[in-house]
Amino acid sequence: MHILLLGSGGREHTFAWKLSKSKRCTQLFIAPGNAGTSACGQNVPLDPLDFAAVEQFVVRHGIGMVVVGPEEPLVRGIWDYFQERPQLRSIPVIGPSKAGAVLEGSKAWSKQFMQRHSIPTAAYREFSAGQMEEGLAYLRDHALPIVLKADGLAAGKGVVICESHSEAETEFRAMLGGKFGAAGEKVVVEAFLKGIEFSVFVLTDGKTYRILPEAKDYKRIGEGDTGLNTGGMGAVSPVPFVDETMWEMVETRIIQPTVNGLRKEKIPYKGFIFFGLIKVGGEPYVIEYNCRMGDPETEVVFPRLKNDLVQLLENCARGSLGRVKIRTDNRAATTVVLVSGGYPGDYQKGKAVSGLENVKGSIAFHAGTTEKDGAVRTNGGRVLALTSYGKDIPSALRKSKRNAKVVQYEGKYFRRDIGKDLV
Ligand code: AMP
Ligand code: GLY
């Protein structure tokens, strides 16, 4: 089968790596891909948001499956675009319908969904621009810290945790005043949950689901979880505190009501659900849903997945996931992300990357890289994710960190404490 994978980050390099291992994948195209994905298939200069261009490519190259890495094409309705066109309808798009992608695309909608299905999450209220005064009054009586969330996609910047009432008021006014454009037309005001976060992933065919290995992501730029939020500075899998009792609660209180809720509401969903969870007082709560895999979580989840990914996705598309058994590698996997100097603020691109050929004992997943005149150059905030296996998390991390030192480019930065809080 010819497969088209949409996206260009570390998650997509990991998808490409895993898809290309399958005998069922005879040709893999990655749009637009990066300097790493070109080793797994053919990069094509297509914009994943230009659905007409994707359509043309799919028809011309006899594509049998489209795998969507990032959320934006899904939130904008690429699944529906394929369904609405007779010549595309039989080509599976891995990812939810537009109606399902709202789980990520609208925080207000996802909170309402969780309420409808009694899924544990932080208490909240939502406000729109016409409810400014009501919202401000609600904030004044709210316990600190206060979590404010712009309703729509805001490039990962739409969540602000406010430590004082005055900060909350200023931020609330700014959000409803258009700071995030249409994404902030509604604002969710949420109680702060104190606990430890982890990520759970399922693949669902709309009827049943299969659970993938869990992971823990490190979002802050600084060691000791300090400084600004980033897309993710590293990840580990498994997560030691997610024991059997926790899994039982996650599955019965969160995963099952979510998948059943989507089905009962007749929302087409054949794809990944990413549950951003937090353990509070020994119990799991949902912080957020994503309608795709995580980045950099995929870089540790897929290496631990022994199944043939193409076969798994074919079963998902056909609605026969019930027949599949997930097989997991018992080893731990860790990834350390190398970023550009200045990230998540302003940073420069185009720095020459050297030393990749000396990486031994880790897989170098490319995130923000490009190839120019045969040389690899930086092309994003997150540049590479160095994934390693080990008998346990510390031994895997030693390899990731050793190789993090081997790769060189001007301004390189990485966190040396990924996974340290867990061991
Ligand atoms: P998001 O942009 O939705 O991924 O949220 C960013 C981060 O904000 C999450 O990963 C959490 O660390 C934090 N966060 C969001 N909601 C809450 C909450 N209710 N309580 C505590 N932390 C939160
Ligand atoms: N690592 C968090 C995310 O993918 O949203």
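Just so you know, ligand 1 is whichever comes first in the structure, and atom 1 is the first atom listed for that ligand.
- Side-chain contact check for Lys107 versus Glu288: some heavy-atom pair is nearer than 4.5 Å.
- In this structure, Val353 and Leu384 have side chains that are in contact, with non-hydrogen atoms separated by less than 4.5 Å.
- The line from CG of Asn330 to NZ of Lys306 is 6.5 Å long, rounded to the nearest 0.5 Å.
- With hydrogens and angles ignored, the 3.5 Å screen pairs no side-chain donor or acceptor of Thr298 with any backbone N or O of Asp295.
- Met132 has its side chain within reach of Arg173: a pair of non-hydrogen atoms, C-beta onward, lies under 4.5 Å apart.
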Polar pairs, ligand 2 vs protein, N/O only, below 3.5 Å.
| unit_1 | atom_1 | unit_2 | atom_2 | d |
| --- | --- | --- | --- | --- |
| ligand 2 | 1 (N) | Asp217 | OD2 | 2.9 |
| ligand 2 | 1 (N) | Gly231 | O | 3.4 |
| ligand 2 | 1 (N) | Asp295 | O | 2.8 |
| ligand 2 | 1 (N) | Glu297 | OE1 | 2.8 |
| ligand 2 | 1 (N) | Glu297 | OE2 | 3.4 |
| ligand 2 | 4 (O) | Arg292 | NH1 | 3.0 |
| ligand 2 | 4 (O) | Asp295 | N | 2.9 |
| ligand 2 | 5 (O) | Arg292 | NH1 | 3.4 |
| ligand 2 | 5 (O) | Arg292 | NH2 | 2.9 |

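- In this structure, ligand 1 sits under 4.0 Å from heavy atoms belonging to Lys107, Ala122, Val147, Lys149, Val159, Ile161, Glu190, Ala191, Phe192, Leu193, Glu197, Lys219, Ile287, Glu288.
- Contact of the Met246 side chain with the Pro284 side chain is registered, since non-hydrogen atoms from C-beta on lie closer than 4.5 Å.
- Between Phe365 and Phe302, the distance separating the two ring centers is not shorter than 6.0 angstrom.
- Under the side chain to side chain donor-acceptor pair (under 3.5 Å) criterion, the residue pairs touching residues 381-396 are Thr335-Thr387, Ser362-Ser388, Ser388-Ser400, Asp392-Ser395, with sequence neighbours excluded.
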Can you list, pair by pair, the side-chain donor-acceptor contacts under 3.5 Å of residues 191-206, counting residues two or more places apart and other chains?
| unit_1 | atom_1 | unit_2 | atom_2 | d |
| --- | --- | --- | --- | --- |
| Ser199 | OG | Glu297 | OE2 | 3.0 |
| Thr204 | OG1 | Gly206 | N | 3.0 |
| Thr204 | OG1 | Thr208 | O | 2.8 |
| Asp205 | OD1 | Lys207 | N | 2.9 |
| Asp205 | OD1 | Thr208 | N | 2.8 |
| Asp205 | OD2 | Leu321 | N | 3.1 |

